[in-house]
Trainee: 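Can you keep this structure in mind? I'll have questions shortly.
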Amino acid sequence: KSLPLFEKIHDNIGLALVNENIGSIYEDKLAFDKAFNYFQKALDYIVLTDDVDRKINILNNLGDAKRKDGKYEEALIYTLQAKEMAIETSNKHQLESAYKDLSKNYALTNNYEKAYLNLGISDSIRDEILWRQNVQQVNALQALYGAKSKQAKIDLLVKENQVKSAHESLLILVIVVLLVLAVILYFYFKKRKENAIKLQHYKQKALQADLEK
């Protein structure tokens, strides 16, 4: 269903990918001739693009289809092309796959020495890929740890600032309360003193009245 859609929009990469996927399905169904035909269609489309990595993958698939169909000499041609292109583009994943396919091809033609040598190269490339992946993962984890550590320090500083701000707010509140209490006490004692003076004044007037009588 996707083929006519890619044809309609003239998407060569999409057409190559779909034909390659259909070829893989036929390869799984052991219909190697049909698989090869679809892989060839995929190659015809991909050469019209700049997607070299996809081209190498398709060449590997063409070699697989021929090898599984028992056509080892033809398979060898495609796999060697894939290997050379992978070397030129420094594509480690495709290079590992090419050497592994070469090892299988040589083993099936009873050339066990070449099969062993190619398998060894494939294993060493795979180990290199795994080592690089591990290094990248370690670096990523270190970067993540560093970022989280920095974020934790920032969060701690924010919390400390919040606590400091809360302490300052509390101190201001206490000072305001004390000032209000001081004002209240001041007016209370002032009023009390005025009342005492008034009372004393009234007492003096009453005493003066008594003396006059």
Trainee: What about Phe39 and Val52, same hydrophobic cluster or not, with Ile/Leu/Val/Met/Phe/Trp/Tyr joined at side-chain heavy-atom distances under 4.5 Å?
Mentor: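 Shared cluster, yes.
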Trainee: Does Ser165 use its side chain to pair, donor to acceptor, with the backbone of Asn161 at less than 3.5 Å?
Mentor: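 Such a contact is absent between Ser165 side chain and Asn161 backbone.
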Trainee: Tell me, please, which residues at least two apart from Ile175 pass side chain to side chain contact (heavy atoms under 4.5 Å, CB included).
Mentor: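 Listed in chain order: Leu171, Leu179.
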Trainee: With heavy-atom distances below 4.5 Å as the criterion, would you say the side chains of Leu3 and Asn19 are in contact?
Mentor: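 Leu3 vs Asn19: side chains touch.
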Trainee: Using 4.0 Å as the upper bound for N to carboxylate O, is an ion pair formed by Lys164 and Glu160?
Mentor: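 Lys164 and Glu160: not salt-bridged.
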Trainee: Looking at Glu96 and Lys100, is there a salt bridge between them, counting it only when a charged N and a carboxylate O are closer than 4.0 Å?
Mentor: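 So Lys100 pairs with Glu96 through a salt bridge.
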Trainee: Check step by step if salt bridge (charged side-chain N to carboxylate O under 4.0 Å, His left out) holds for Arg126 and Asp123.
Mentor: CA-CA 5 Å; Arg126 182 195 61 205; Asp123 288 344; 3.5 Å; yes
Trainee: Do Arg54 and Glu20 have side-chain heavy atoms sitting under 4.5 Å apart?
Mentor: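 Side chain of Arg54 against side chain of Glu20, heavy atoms only: contact under 4.5 Å found.
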Trainee: Should Thr79 and Asn60 be marked as a side chain to side chain contact (heavy atoms under 4.5 Å, CB included) after you check the CA-CA gap, both sets of side-chain angles, and the distance that decides it?
Mentor: CA-CA 5 Å; Thr79 308; Asn60 268 327; 4.2 Å; yes
Trainee: Once you round to the nearest 0.5 Å, how far does CD of Gln200 lie from CD1 of Ile197?
Mentor: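 Going from the CD atom of Gln200 to the CD1 atom of Ile197 covers 9.5 Å.
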Trainee: Are Leu156 and Lys153 close enough that some pair of their side-chain heavy atoms sits under 4.5 Å apart?
Mentor: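 Not touching, per the 4.5 Å side-chain cut-off.
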Trainee: Does any donor atom in the side chain of Asp53 or Gln94 lie under 3.5 Å from an acceptor atom in the other side chain?
Mentor: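 Asp53 vs Gln94: no donor-acceptor pair found between side chains.
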Trainee: Please say yes or no: joined through hydrophobic side-chain contacts below 4.5 Å, possibly via intermediate residues, are Ile9 and Tyr45 part of one cluster?
Mentor: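 Same cluster: Ile9 reaches Tyr45 through Ile, Leu, Val, Met, Phe, Trp or Tyr contacts under 4.5 Å.
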Trainee: In Å and rounded to the nearest 0.5 Å, what is the CG to OG distance from Leu117 to Ser122?
Mentor: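 Going from the CG atom of Leu117 to the OG atom of Ser122 covers 12.5 Å.
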Trainee: Quick one, Phe36 with Tyr78, criterion ring-ring contact (aromatic ring centres under 6.0 Å, His included). Give me CA distance, side-chain angles, the key distance, then yes/no.
Mentor: CA-CA 11 Å; Phe36 179 84; Tyr78 289 111; 5.8 Å; yes
Trainee: Membership question, hydrophobic clusters at under 4.5 Å side-chain separation (ILVMFWY): are Tyr38 and Ile58 in the same one?
Mentor: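 No; Tyr38 is not reachable from Ile58 via cluster members.
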Trainee: Kindly give the heavy-atom pair with the smallest separation between Ala42 and Ala16, and that separation in Å.
Mentor: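 In terms of heavy atoms, the two residues are closest at CB-O, 3.3 Å.
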Trainee: So, taking the atom named OG in Ser2 and the one named CD in Glu7, what distance separates them when rounded to the nearest 0.5 Å?
Mentor: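 With rounding to 0.5 Å, OG (Ser2) is 9.5 Å from CD (Glu7).
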Trainee: Quick one: pull up OG in Ser97 and CG in Asn91 and give me the separation to the nearest 0.5 Å.
Mentor: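 Between atom OG of Ser97 and atom CG of Asn91 there are 9.5 Å.
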Trainee: Between Tyr106 and Leu76, is the side chain to side chain contact (heavy atoms under 4.5 Å, CB included) condition met? List the steps.
Mentor: CA-CA 9 Å; Tyr106 285 128; Leu76 191 61; 3.8 Å; yes
Trainee: Could you go through Asn111 and Asn105, starting from their C-alpha distance and side-chain angles, then the distance that decides it, and tell me whether this counts as side chain to side chain contact (heavy atoms under 4.5 Å, CB included)?
Mentor: CA-CA 9 Å; Asn111 193 339; Asn105 200 80; over 6 Å; no
Trainee: Are Leu62 and Lys66 packed together at the side-chain level, in the sense that at least one heavy-atom pair is separated by less than 4.5 angstrom?
Mentor: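 Heavy-atom side-chain distance check fails, nothing below 4.5 Å.
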Trainee: Run the numbers on Met85 and Gln81 for side chain to side chain contact (heavy atoms under 4.5 Å, CB included), then give the verdict.
Mentor: CA-CA 6 Å; Met85 290 187 68; Gln81 286 180 7; 5.6 Å; no
Trainee: Taking all heavy atoms of Ala82 and all of Ile56, pick out the closest pair and write down the distance.
Mentor: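 In terms of heavy atoms, the two residues are closest at O-CG2, 3.6 Å.
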Trainee: Do Asn110 and Tyr112 pair up side chain to side chain, a donor and an acceptor below 3.5 Å, judged on atom types alone?
Mentor: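 Yes.
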Trainee: Taking the six-membered ring of Tyr145, is NZ or CZ of Lys148 closer than 6.0 Å to its centre and within 45° of its axis?
Mentor: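 No, Lys148 does not lie over the aromatic ring of Tyr145.
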Trainee: Membership question, hydrophobic clusters at under 4.5 Å side-chain separation (ILVMFWY): are Leu48 and Leu15 in the same one?
Mentor: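 Each belongs to a different hydrophobic cluster.
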Trainee: Does atom CG (Asn134) have a neighbourhood of more than 12 heavy atoms from anything else shown, all under 6.0 Å?
Mentor: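 Yes - once you tally the heavy atoms of other residues, nucleotides and ligands closer than 6.0 Å, there are more than 12.
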Trainee: Answer yes or no: does atom NZ of Lys68 have more than 12 heavy-atom neighbours from other residues, nucleotides or ligands under 6.0 Å?
Mentor: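 Yes - once you tally the heavy atoms of other residues, nucleotides and ligands closer than 6.0 Å, there are more than 12.
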Trainee: Would you please test Asp210 and Lys213 for salt bridge (charged side-chain N to carboxylate O under 4.0 Å, His left out) and show each step?
Mentor: CA-CA 5 Å; Asp210 286 341; Lys213 289 181 179 181; 5.1 Å; no
Trainee: Enter the distance from His93:NE2 to Asn57:CG here, rounded to the nearest 0.5 Å.
Mentor: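 Taking NE2 in His93 and CG in Asn57, the distance rounds to 12.0 Å.
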Trainee: Could Lys41 and Asp44 be called an ion pair, given the rule that one side-chain N must be under 4.0 Å from one carboxylate O?
Mentor: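 Salt bridge absent between Lys41 and Asp44.
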Trainee: Minimum heavy-atom separation for Ser103 to Ala115, with atom names?
Mentor: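 It is OG-O, 2.7 Å.
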Trainee: With the 4.5 Å side-chain cut-off for hydrophobic clustering, are Ile129 and Tyr99 part of the same group?
Mentor: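 As far as the 4.5 Å side-chain criterion goes, Tyr99 and Ile129 are connected within one cluster.
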Trainee: Within a reach of under 6.0 Å around CD of Glu168, are more than 12 heavy atoms found that belong to other residues, nucleotides or ligands?
Mentor: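 Result for CD/Glu168: enclosed.
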Trainee: Please indicate whether Gln162 has more than 12 foreign heavy atoms, meaning atoms of other residues, nucleotides or ligands, lying under 6.0 Å from its CD.
Mentor: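 Yes, enclosed.
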Trainee: Does the salt bridge (charged side-chain N to carboxylate O under 4.0 Å, His left out) test come out yes or no for Arg132 and Glu128, once each step is laid out?
Mentor: CA-CA 6 Å; Arg132 288 187 178 183; Glu128 181 185 350; 2.9 Å; yes
Trainee: Closest heavy-atom contact between Ala75 and Gly63?
Mentor: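 The answer is CB-O, 3.2 Å.
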Trainee: Working to the nearest 0.5 angstrom, can you tell me the gap between Lys34 NZ and Ile25 CD1?
Mentor: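 Spacing of NZ (Lys34) from CD1 (Ile25) equals 12.0 Å.
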Trainee: Is the shortest side-chain heavy-atom distance between Asn139 and Gln142 below 4.5 Å?
Mentor: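 Asn139 reaches Gln142 side chain to side chain.
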Trainee: Strictly distance-based, threshold 3.5 Å: is any side-chain N or O of Asp69 a donor or acceptor partner for the main-chain N or O of Ala65?
Mentor: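 Judged by distance alone, no pair lies under 3.5 Å.
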